[in-house]
Amino acid sequence: MTPYKNWISYSTLVRKEVIRFLRVWSQTLLPPVVTMTLYFVIFGKFIGSQVGDIAGYSYMQFIVPGLVMMAVIMQSFMNTVSSYYFAKFQKSIEEIIVSPTPFPIVIAGYVTGGVLRGLLTATLVMSTALFFTKLHIAHIGITVLFAVLTSVLFSLVGLINGVYAKSFDGISIIPNFVLTPLTYLGGVFYSVSMLPPFWQAVSSFNPILYMIAGFRYGLLGVSDVSIPFAAGLLIGLTVMLFCFVWWLFKTGRGLRA
Amino acid sequence: MSFALEVHGLKKTYNGTVQALRGIDLTIESGDFFALLGPNGAGKTTLISIISGLVKKSDGSLVINGVSIDNDAQGAKERVGVVPQEFNFGIFEKVEDIVVTQAGYYGIPRAQAKIQAERYLKQLGLWEKRNEKARALSGGMKRRLMIARALVHSPKLLILDEPTAGVDLELRRDMYVFLKELNASGVTILLTTHYLEEAEELCRNLAIINKGEIVARGGMKELLSQMEAMTVVCDLSRALTDVEIKQLSSFAPVLDSQEVSLTLSKQYTLSTAIDLLNKMGVVVTSIKNKTNRLEEFFLQKTA
């Protein structure tokens with residue numbers, strides 16, 4: 001296929017993905033906004049008013065980046081895992097497998113769908129946050145970089161889960177038992193510097209910590225981790241996961257006998 | 001002479017143990033209407049799935065319209081359209097979207113894809129249903145939708161895996177007309193079906209696959225003429241006596257009231273049988289094949 005044909009194929013898949021999540025907006029876009037609103041009300045307003053400032057920001061302002069990233073992680077992941085697994089389940093994935101679309105384009109199409117849903121949700125959650133607190137963006141480039149890298153990364157994770165999943169139960173294990181705990185323990189509601197040294201060391205192995213810290217630095221200009229290290233880690237993980245997904249597609253894992 | 005499909009020594013083993021294909025050799029000329037027949041589990045779908053890129057081959061070579069899948073898998077895929085046995089589209093998607101999206105996967109710009117989709121949806125009687133979700137279609141409509149989808153990128157080779165399963169007689173007839181016209185326009189068609197009269201009506205050449213091997217192949221007429229025996233059922237003016245039945249023993253008669261089944265061969269022909277019955281003073285009021293001729297040939301080869 002020529003680059004132009006590849007572009008058409010890619011944009012076709014992206015269009016299909018976007019239409020899919022917009023068509024069921026009450027299942028894809030609305031729930032994270034409602035959940036995050038509850039977090040803002042309960043943790044930000046009710047409990048946050050009893051908590052002092054962190055790094056010079058009110059507790060509400062401090063948790064906004066973490067909650068936005070929580071939405072990005074979950075929504076990017078859920079988009080690719082559910083879309084890919086459902087296509088596999090009803091065999092419509094064969095439509096693209098029999099076509100000449102190269103596998104990197106297929107991966108890029110699914111990932112772009114996940115990224116767009118993640119970023120759209122992030123925008124909605126940020127907009128909701130403005131009803132509760134004032135926000136200014138300290139470093140717009142870093143904010144966007146961490147939001148995009150995180151959503152690419154978790155779109156790839158969702159795709160891997162979709163490839164291996166053999167049932168609908170198989171697509172709910174990772175978000176419930178891996179992503180949710182790691183996100184909560186990744187510093188959404190606290191600064192890692194508030195933890196005892198041992199738990200700080202344990203937390204340093206949690207990649208989500210670096211995503212939230214990087215995004216928080218972009219928004220608030222404060223961080224408890226090295227931003228270049230966090231960005232490097234995310235880029236490295238993303239490249240690694242992309243290569244892994246490519247290998248899965250090439251070898252036909254869970255798809256081609 | 002150009003070939004739409006050249007398969008040599010094709011083998012497929014699942015999980016290192018189950019040999020689905022044991023070295024298939026098969027060539028289909030460009031423009032042919034070719035039947036691939038075989039009992040369930042013979043390897044038809046495996047062969048089709050390898051051609052369409054859904055299953056990886058274990059060994060052998062496969063060339064589609066001059067393009068080897070080993071050298072240019074993408075190029076080979078561009079030349080094939082597949083209508084699978086099972087429905088494999090998004091049931092919540094609209095009919096037109098399914099066809100237009102498929103065209104997009106082949107790199108066809110959206111405006112052109114819409115024109116192509118309209119053309120095939122109209123030809124297959126689905127244009128009125130274009131805005132309906134696929135799940136709302138009847139079984140026959142879903143099959144036709146898959147044909148429209150497989151044709152939207154104008155493939156050189158169209159593979160139809162049991163396309164008329166569950167389609168009523170009238171629609172099936174319409175589909176035959178459509179497929180004959182399509183073939184006449186230059187599209188090579190590879191058809192698998194369990195309706196053998198369908199293969200006999202549509203196809204010029206055929207191959208029979210059994211237990212992963214091709215057991216017969218050639219022209220439809222040529223193969224049917226090789227049949228060693230066929231059975232006809234004759235309605236008679238009266239029942240036969242035991243003596244008369246003995247006189248017909250060369251035809252292996254099976255009597256059922258005033259109806260007798262006779263096995264014909266090159267030596268013992270239909271006219272010989274009728275002459276013999278007439279000499280007995282028995283009138284043959286009607287004759288029919290016990291089974292379709294191709295069916296009888298198929299059963300001989302796959303028994």
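A note on names: the letters A, B, ... follow the listed sequences, proteins ahead of strands, and every chain is numbered from 1.
No more than 12 heavy atoms of other residues, nucleotides or ligands lie within 6.0 Å of CZ in A:Phe89, so this atom counts as exposed by the packing criterion. Residue-environment remark: CH2 (B:Trp127) exceeds the threshold of 12 foreign heavy atoms within 6.0 Å. No more than 12 heavy atoms of other residues, nucleotides or ligands shown are found within 6.0 angstrom of NZ on A:Lys91. More than 12 heavy atoms of other residues, nucleotides or ligands sit less than 6.0 Å from atom CH2 of A:Trp247. Other residues, nucleotides and ligands place more than 12 heavy atoms under 6.0 Å from the NZ atom of B:Lys142.
If you take CD1 on A:Ile96 and OH on B:Tyr106, they are separated by 10.0 Å, rounding to the nearest 0.5 Å. Note that OG1 of A:Thr101 is 7.5 Å distant from OH of B:Tyr105, once rounded to the nearest 0.5 Å.
For chain B, the option among A:Arg15, A:Arg20, A:Lys16 with the highest count of heavy-atom pairs below 4.5 Å is A:Arg15.
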Checking side-chain contact (heavy atoms from CB on, under 4.5 Å) for the pair B:Leu54/A:Val98: CA distance, chi angles, key distance, verdict? CA-CA 6 Å; B:Leu54 288 171; A:Val98 300; 3.7 Å; yes

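Looking at A:Phe86, the atoms closer than 4.5 Å to chain B (heavy atoms on both sides) all sit in the side chain, from C-beta outward. Only the side chain of A:Arg23 comes within contact range of chain B, with heavy atoms under 4.5 Å apart.
Checking side-chain atoms of B:Lys56 against main-chain N and O of A:Thr251 turns up a donor-acceptor pair under 3.5 Å.
Residue-level contacts of residues 85-104 of chain B with chain A, in order of numbering, are B:Glu86, B:Phe87, B:Asn88, B:Phe89, B:Gly90, B:Ile91, B:Phe92, B:Glu93, B:Ile98, B:Thr101, B:Gln102, B:Gly104; threshold 4.5 Å between heavy atoms.
Closest non-hydrogen pair, A:Pro100 versus B:Glu78, comes out as CG-CG, 3.4 Å.
Using a 4.5 Å heavy-atom cutoff, the side chains of B:Ile108 and A:Ile8 are not in contact.
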